[in-house]
Structure formats: structure tokens, C-alpha cells
Amino acid sequence: MVNHVPEAPASKSGDWAFLGAESGSVADRLYLSAAEEWNRAINSRFVNELLDDTLPDNVLVSYLIQDFKFFNQGIMDHAIALAPREETKEMLRKQSKFFADEEAPYFTDFLKVYHVTDEQYEHAPQTPANKEYCDYLAEVVNGTWEELITALCCMEWLYLAWAKRTVDAGVVQQVPAHKGWVDLHEGELFRAWTGRLIALVNEYASVDGPEAEVFRRIVHLERRFFEDAYDLA
Ligand SMILES: Cc1ncc(C[n+]2csc(CCO)c2C)c(N)n1
């Protein structure tokens, strides 16, 4: 197949040094601590089929309905509220505006193009992984800044990691909805955003603290979130 995207190799220390997760940094050590499940998540069947343009439409629809529900939880607002420095709040506010301007329209356009009605969206039950993920985030946003920034960093970084597979392979998706989803999670801006989150994790999180468990839990939930797209499609 011409457009096949190879799987990402096993995680190694320093893989993300170019974004500030240098070997031995807190972010690098958290990344390695979740390596096995991280690799399964970014090489999941869902990601493989999306990148190879072989994903069935009903699975994409099911996944994006879930993800729009996930997106609408407002984790960024909580991060802005908990951020200890004004400059960090400002950085998060700017990114939040970017999500509102770029990511939210992707969802609404997608639902229109794929003929998903408001009712279908509203009535779709949350998948078990999404429900567990949202419940978990509801706990995290009431916890510490250190835990919240670790969770946010992990979920963005893992998304960049799967999207990077196709950039590394030089493959561009032919299905507009697939390409659009990749473009939201790969590119200069998304890399810079992820780099800023990695810098905050290096500054505030600790590998011996509760943040380590948060990082692994998020990776686990991300992997299951992808899998659930097939169960309820
Ligand atoms: C399951 C899931 N995990 C991570 C992302 C990536 N992502 C894109 S915008 C944003 C923050 C605001 O919601 C996040 C986390 C996603 N889309 N869905």
C-alpha cells in the first residue's frame, strides 16, 4: 500500500529532547514510565486506520462524537484558574482561544458533513472509557496544579506522538476528515504548545509524586478511549 504509515518504535530516553524532554528530565522520565502502554496507544488500530485512510466512517463518527463530548468538558478553564503565574494563565488563555477557533469548528463541520444530527450527538451514550476519563478529569481539576498540568501535558503529547508518525513517514491523508484531524495535532503550533506543557511539567511535576500516577493513568485512558470507538460504532 502506497500510503501505509509504519508504527512508532519503542520509546527511548531523549526521544522528545527537541521539545524540551531531555534525557533524565522529569517529562522524559514520566514518558518512559508509561512507555509500554503509550506505544500501544499511539500504534492502536484506530490510529493506524486513520493514518492509512482505511478507518470505517462509522468508527470515525463514533470516536469524534465521544471526543467532542470530551472536548466540551472545559479542562482549559480549570488549568487557567489553577495556573500559579499570570504569564502561564495568559499562555493557556491564548491556547484556549485557539482551540475555540480551530478545533471546535472542526467538530461542528465534521458533524454536518457526516450528517450527524444534534439529537444523535446528544443521545450518544458516553463510552465506558470516555466516562471514566471524564470522571477522572473531574477529580484532577479539583486537585493540584502539578497534577493538572501533568494530565494536560500527557494528553496533548500523546496526541502529538500519534500524529507525528505520519509526518515522519511523509504521508498525507487523502480523506479530508482524517487529514484535518492530523493537522490539528501536528505542526509548528501544536508542537510549540506541547513544548510549553513539557516545560511546565519539568518545572512543577515530580517523578516521585502523585503526578507519576496521573501520567500513567492518562496514557491508559487514552489507549482505551481509542479502542472504545469500535465497540459502540
Ligand atoms: C481523548 C483526547 N485526548 C487528547 C486530545 C487532544 N486535545 C486536543 S484539544 C485538547 C484540550 C482541550 O480539550 C486536547 C486534550 C483529544 N482531542 N482527545
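One-based numbering, in listed order, for ligands and for the atoms of each.
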Item to check | Nearest non-hydrogen partners of Gln126 and Lys69, listed with the distance | outcome: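 So the minimum-distance heavy-atom pair works out to CG-CD, 4.1 Å.
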
Tell me: protein heavy atom nearest [atom], and distance?
atom: atom 3 (N) of ligand 1; answer: Glu222 OE2, 2.6 Å
atom: atom 1 (C) of ligand 1; answer: Asp67 OD1, 3.2 Å
atom: atom 13 (O) of ligand 1; answer: Phe71 CD1, 3.5 Å
atom: atom 15 (C) of ligand 1; answer: Glu156 OE1, 3.1 Å

Checklist entry - Would you call the rings of Phe226 and Tyr63 parallel, tilted or perpendicular, where under 30° means parallel and over 60° means perpendicular? => result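 Phe226 and Tyr63: parallel rings.
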
Next on the checklist: Please verify the inter-ring angle class for Trp157 with Tyr31; under 30° counts as parallel, over 60° as perpendicular, anything in between as tilted.
Outcome noted: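 Ring orientation, 0 to 90° scale: parallel.
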
Checklist entry - Going by heavy atoms, is His185 under 4.0 Å from ligand 1? => result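 Yes, His185 has heavy atoms under 4.0 Å from ligand 1.
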
Checklist entry - Nearest 0.5 Å, what's the CG-OH distance between Asp67 and Tyr133? => result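 One gets 9.0 Å once the value is rounded to the nearest 0.5 Å.
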
Checklist entry - Is Arg217 salt-bridged to Glu213, cutoff N-O under 4.0 Å? => result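 No, Arg217 and Glu213 are not salt-bridged.
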
Next on the checklist: Need the ligand 1 atom indices (1-based, order shown) with element for anything under 4.0 Å from a heavy-atom of Glu103.
Outcome noted: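 Checking each atom against Glu103, I get 8 (C), 9 (S), 17 (N).
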
